[in-house]
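Quick notes on the structure that follows.
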Amino acid sequence: MSITKVDFELKRGTSEPLLFRPVDASGKLLKLSVIESAVLNIRPIYGLPMRFDLAVTDDGLSVNLKPSDTKPLQWSVADYEVKVSVRGVVKVIFEGRLKLAADLGV
């Protein structure tokens, strides 16, 4: 598995389902059954780091961020990475920049 670089945006105060789909060079979804665990690490430029466990499903690696997860956040930009553990070996498979959009009043 190689590192895929993807930037994306979250909206503060909303429910945000995130799905990471590891694919090979031809675009085929990789075999996810070998993944023992997966985690999303968010490291804001200014602020405390956050960690979310990802569920391993048939569609990919997922987490549903709730409004209570995003509402109190004060930062606007963070770096993130998705780490997986396969047979005890931990590897980063996604990384990039994460922007936090304005509060929608939810």
Side-chain angles (χ1 to χ4, degrees):
M1 285 186 246
S2 61
I3 297 176
T4 303
K5 296 187 184 268
V6 178
D7 297 339
F8 66 96
E9 182 175 287
L10 289 176
K11 291 183 177 38
R12 183 182 289 124
T14 63
S15 181
E16 292 281 343
L18 300 177
L19 178 66
F20 298 93
R21 298 191 67 178
V23 296
D24 64 16
S26 66
K28 283 182 54 179
L29 188 63
L30 293 174
K31 185 176 180 181
L32 299 175
S33 62
V34 299
I35 296 176
E36 297 164 350
S37 65
V39 65
L40 168 64
N41 292 315
I42 300 174
R43 295 178 313 279
I45 304 302
Y46 301 103
L48 297 174
M50 304 172 70
R51 175 189 164 112
F52 297 96
D53 291 327
L54 298 171
V56 180
T57 68
D58 291 338
D59 293 326
L61 309 171
S62 66
V63 65
N64 188 22
L65 299 180
K66 300 178 288 298
S68 61
D69 294 327
T70 61
K71 182 87 170 159
L73 302 178
Q74 298 299 313
W75 49 268
S76 59
V77 178
D79 292 324
Y80 81 91
E81 66 184 9
V82 172
K83 286 184 177 181
V84 296
S85 176
V86 177
R87 295 186 198 108
V89 176
V90 177
K91 180 169 172 62
V92 173
I93 61 169
F94 286 95
E95 67 180 13
R97 186 62 53 104
L98 171 61
K99 283 181 61 181
L100 190 64
D103 191 337
L104 298 179
V106 175

So, using side-chain hydrogen bond (donor to acceptor under 3.5 Å, both in side chains) as the criterion, who are the partners of [X] when residues are at least two apart?
X     : value
Asp53 : none
Ser68 : none
Lys28 : none
Ser76 : none

Side-chain atoms of residues 77-84: list all donor-acceptor pairs with protein atoms under 3.5 Å, sequence neighbours left out, distances to 0.1 Å.
from, atom 1, to, atom 2, distance (Å)
Asp79, OD1, Arg97, NE, 2.8
Asp79, OD1, Arg97, NH2, 3.2
Tyr80, OH, Val6, O, 2.6
Glu81, OE2, Asn41, ND2, 3.2

Check: Taking the side chain as C-beta and beyond, is there a heavy-atom pair between Thr4 and Pro22 under 4.5 Å?
Finding: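 The answer is no; the side chains never approach within 4.5 Å.
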Next item on the list: Report yes if some heavy atom in the side chain of Phe8 is under 4.5 Å from a heavy atom in the side chain of Leu98; otherwise report no.
Entry: yes
Checklist line | More than 12 heavy atoms from other groups under 6.0 Å of CG on Leu48 | finding: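 No, the 6.0 Å shell around CG holds no more than 12 heavy atoms from other groups.
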Checklist line | Distance-minimising heavy-atom pair for Ile3 and Val92 | finding: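 Taking every non-hydrogen atom into account, CG1-O, 3.2 Å.
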Checklist line | Over all atoms of both residues, closest heavy-atom pair of Arg12 and Leu100 | finding: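 Looking at all heavy atoms of both residues, the shortest contact is NH2-CD2, 3.1 Å.
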Linking I/L/V/M/F/W/Y whenever their side-chain heavy atoms sit closer than 4.5 Å, directly or via other members, would [X] and [Y] fall into one cluster?
X     : Y     : value
Ile93 : Leu29 : yes
Val90 : Val56 : no
Leu19 : Leu10 : no
Leu18 : Trp75 : yes

Notebook entry, point to check: Would Phe20 and Leu40 satisfy side chain to side chain contact (heavy atoms under 4.5 Å, CB included), going step by step from the backbone distance to the final call?
Noted result: CA-CA 10 Å; Phe20 298 93; Leu40 168 64; 4.2 Å; yes
Next item on the list: Please round to the nearest 0.5 Å and tell me the distance separating atom CD1 of Ile35 and atom CZ of Arg87.
Entry: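 Rounded to the nearest 0.5 Å, the CD1-CZ separation comes to 11.0 Å.
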Checklist line | Separation of Met50 CE from Asp69 CG (nearest 0.5 Å) | finding: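 One finds 6.0 Å between CG of Asp69 and CE of Met50.
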May I have the list of side-chain donor-acceptor pairs in residues 60-67 shorter than 3.5 Å, sequence neighbours left out?
from, atom 1, to, atom 2, distance (Å)
Asn64, OD1, Ser15, OG, 3.3

Notebook entry, point to check: With sequence neighbours excluded, what pairs up with Ser37 under the side chain to side chain contact (heavy atoms under 4.5 Å, CB included) test?
Noted result: Ser85
Notebook entry, point to check: Who passes side chain to side chain contact (heavy atoms under 4.5 Å, CB included) against Glu9, sequence neighbours left out?
Noted result: Lys11, Lys99, Ala101
